[in-house]
S.K.: 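Structure in structure tokens, see below.
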Amino acid sequence: MPGHGAIAHVVGRRIVVGNRRLLEREGIDLGALAARRDEVAEGGRTAVLAAIDGKPAAVIGIADAPRETSAPAVAALHELRVEVVMLTGDNQATAARIAQRLGIDTVIAEVLPGDKAAKIAELQASGRKVAMVGDGVNDAPALAQADLGIAIGAGTDVAIETADVVLMRSDPLDVPTALRIGRATLRKMRQNLGWAIGYNAIALPIAAGVFEPAFGLVLRPEIAALSMSGSSLIVAVNALALKRLRLPTTAAADPTPGLQPGP
């Protein structure tokens with residue numbers, strides 16, 4: 001049952017394993033296990049329920065441990081003034097606890113796999129530019145819907161083919177790193193374009209002798225050629241300055257939270 005769980009017949013008995021919505025749909029009352037289920041969920045774990053022949057049998061708590069770079073990644077995104085949203089199929093209590101631990105701004109929980117793209121569209125309808133990070137088959141429609149789809153390199157082929165950017169490592173810290181590199185590259189492109197237009201707007205009229213009658217300014221052909229080479233050199237040096245870009249790092253690697261010089 002996509003987004004809910006599984007139902008099977010084992011040695012003549014009907015087994016239901018899944019979330020609360022699946023058991024409610026099957027008309028199974030949790031009874032005394034309801035309190036245990038709430039306790040597991042409030043502890044930050046995903047509660048998986050099991051029933052045998054229509055009677056509740058067990059509550060299984062599953063906890064996903066966040067990667068050690070998750071919190072630094074969220075902090076680095078905040079430095080870039082990016083709002084971080086958790087889009088998950090987990091229950092609200094579990095998602096909220098993890099979000100609080102990592103510093104995530106907004107939680108959208110209990111989302112069915114097929115509804116992720118619709119949630120992305122809702123965020124876009126509110127005027128946001130959305131970057132979606134995912135790695136599974138179910139993430140592919142959401143990656144396609146987002147303004148920027150970012151796939152984890154260790155994810156499924158479908159997600160990788162759909163995404164605009166593929167991270168070669170399964171490291172959340174690579175997300176703000178990619179955004180910072182992208183923004184810095186665009187900034188350098190604008191700087192170089194502005195420099196080239198300004199430089200040529202001044203140099204070409206001088207080389208053409210436009211200012212010679214009024215100011216006596218003129219460039220000999222060989223000097224003009226060298227000047228054009230100088231323009232290209234300055235643009236190239238400005239582009240090479242990207243190597244000095246400071247990239248996000250973990251607090252463990254840098255005692256001062258934030259950034260360190262990139263390679």
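The figures that follow rest on heavy atoms only: side chains count, while hydrogens, waters and symmetry mates do not.
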S.K.: Decide whether Ile197 and Val235 are clustered together by the hydrophobic rule: side chain heavy atoms of Ile, Leu, Val, Met, Phe, Trp, Tyr closer than 4.5 Å, transitively.
M.R.: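 Cluster IDs for Ile197 and Val235 differ.
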
S.K.: Looking at Lys129, is its backbone amide N or carbonyl O close enough to the side chain of Asp147 to form a donor-acceptor pair, meaning the two atoms are under 3.5 Å apart?
M.R.: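 Pair absent, no side-chain N/O of Asp147 close to backbone of Lys129.
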
S.K.: Within this structure, what is the CG-CD1 distance for the pair Leu22 and Ile7, rounded to the nearest 0.5 Å?
M.R.: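 Going from CG on Leu22 over to CD1 on Ile7, the span is 5.0 Å.
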
S.K.: Any chance you could measure Leu23, atom CG, to Arg37, atom CZ, to the nearest 0.5 Å?
M.R.: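 If we round to the nearest 0.5 Å, Leu23:CG and Arg37:CZ are 10.5 Å apart.
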
S.K.: Grab the two heavy atoms, one from Pro2 and one from Leu112, that are nearest each other, plus how far apart they are.
M.R.: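 That closest heavy-atom pairing would be O-CD2, 4.5 Å.
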
S.K.: Main chain of Gln145, side chain of Gln124: is a donor-acceptor contact present, judged purely on distance under 3.5 Å?
M.R.: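 Yes, because the side chain of Gln124 sits within donor-acceptor range (under 3.5 Å) of the backbone of Gln145.
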
S.K.: Please find the pair of heavy atoms, one from Leu102 and one from Pro66, that lie closest to each other, and give the distance.
M.R.: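 Minimum heavy-atom separation between Leu102 and Pro66: CD2-CB, 4.0 Å.
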
S.K.: Give a yes or no on whether Val59 and Ile28 share a hydrophobic cluster (residues Ile, Leu, Val, Met, Phe, Trp, Tyr; joining criterion: side-chain heavy atoms under 4.5 Å apart).
M.R.: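 Yes, because Val59 and Ile28 connect within a single hydrophobic cluster, where side-chain heavy atoms sit under 4.5 Å apart.
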
S.K.: Say whether Asn238 and Lys188, considering side chains only, have a donor N or O and an acceptor N or O under 3.5 Å apart.
M.R.: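 Yes, side-chain donor-acceptor contact under 3.5 Å.
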
S.K.: Is any side-chain N of the basic residue among Arg67 and Asp171 closer than 4.0 Å to the acidic one's carboxylate O?
M.R.: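 Salt bridge between Arg67 and Asp171, a charged N being under 4.0 Å from a carboxylate O: no.
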
S.K.: Could you check whether any side-chain heavy atom of Glu79 comes within less than 4.5 Å of a side-chain heavy atom of Pro176, counting everything from C-beta outward?
M.R.: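 Side chain of Glu79 against side chain of Pro176, heavy atoms only: no contact under 4.5 Å found.
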
S.K.: Can you check whether Val130 reaches Leu148 side chain to side chain, under 4.5 Å on heavy atoms?
M.R.: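 Of all side-chain heavy-atom pairs linking Leu148 with Val130, none is under 4.5 Å.
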
S.K.: Work out which heavy atom in Gly149 is nearest to a heavy atom in Ala163; give both atom names and the distance.
M.R.: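 For Gly149 versus Ala163, the nearest heavy atoms are O-CB, 3.5 Å.
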
S.K.: If you define the side chain from C-beta out and look only at heavy atoms, does anything of Leu49 sit under 4.5 Å from Val17?
M.R.: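 The answer is no, as the side chains (C-beta and beyond) never meet within the 4.5 Å cut-off.
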
S.K.: Grouping I, L, V, M, F, W and Y whenever their side-chain heavy atoms are under 4.5 Å apart, do Ile152 and Ile98 come out in a common cluster?
M.R.: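 Linked within one cluster.
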
S.K.: Mind listing the closest non-hydrogen atom pair of Ala58 and Leu33 along with its distance?
M.R.: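 Nearest pair, atom of Ala58 first, then Leu33: N-CD1, 3.7 Å.
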
S.K.: Keeping Asp53 on the side-chain end and Arg14 on the backbone end, is there a donor-acceptor pair under 3.5 Å?
M.R.: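 Present.
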
S.K.: In Å and rounded to the nearest 0.5 Å, what is the CD to NE2 distance from Glu24 to His4?
M.R.: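 Atom-to-atom, Glu24:CD and His4:NE2 are 10.5 Å apart.
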
S.K.: Measuring only between side-chain heavy atoms, which start at C-beta, is Ile150 closer than 4.5 Å to Asp164?
M.R.: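 No; the side chains remain at least 4.5 Å from each other.
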
S.K.: Looking at Arg183 and Leu80, would you say the former's side chain and the latter's main chain have a donor-acceptor pair under 3.5 Å?
M.R.: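 Side chain of Arg183 to backbone of Leu80, a donor-acceptor pair under 3.5 Å: yes, one is there.
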
S.K.: State plainly whether one hydrophobic cluster holds both Ile120 and Ile108, where clusters connect Ile, Leu, Val, Met, Phe, Trp and Tyr through side-chain heavy atoms under 4.5 angstrom apart.
M.R.: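 Shared cluster, yes.
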
S.K.: Could you grab the distance from atom CD1 of Ile181 to atom CG of Leu245, nearest 0.5 Å is fine?
M.R.: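 One finds 6.5 Å between CD1 of Ile181 and CG of Leu245.
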
S.K.: Any luck finding a side-chain donor-acceptor pair between Arg128 and Ser126 under 3.5 Å?
M.R.: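 Checked: Arg128/Ser126 side chains pair up, N/O donor to acceptor below 3.5 Å.
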
S.K.: Can you tell me how far the CG atom of Leu186 sits from the CD atom of Gln191, to the nearest 0.5 Å?
M.R.: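 Rounded to the nearest 0.5 Å, the CG-CD separation comes to 11.0 Å.
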
S.K.: Can you see which heavy atom on Ile160 is nearest to which on Ala151, and at what distance?
M.R.: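 For Ile160 and Ala151, the tightest heavy-atom pair comes out as CA-CB, 4.0 Å.
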
S.K.: When you group the ILVMFWY residues by side-chain heavy-atom contacts below 4.5 Å and let the links chain together, are Val74 and Val133 in the same group?
M.R.: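 Result: yes, single cluster for both.
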
S.K.: So, do Val111 and Thr88 sit near enough that their side-chain heavy atoms are less than 4.5 Å apart?
M.R.: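 No; the side chains remain at least 4.5 Å from each other.
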
S.K.: Of all the heavy-atom pairs spanning Met86 and Ala99, show the shortest one and how long it is.
M.R.: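 For Met86 and Ala99, the tightest heavy-atom pair comes out as CE-N, 4.0 Å.
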
S.K.: Given Gln92 and Arg97, is the side-chain contact (heavy atoms from CB on, under 4.5 Å) satisfied, shown in steps?
M.R.: CA-CA 9 Å; Gln92 183 66 38; Arg97 183 173 292 272; over 6 Å; no

S.K.: Are the side chains of Pro141 and Lys116 in contact, using a 4.5 Å heavy-atom criterion?
M.R.: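 A side-chain contact under 4.5 Å is absent here.
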
S.K.: Calculate, to the nearest 0.5 Å, the distance between atoms CG and CD belonging to Asp105 and Glu83 respectively.
M.R.: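 The distance works out to 5.5 Å.
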
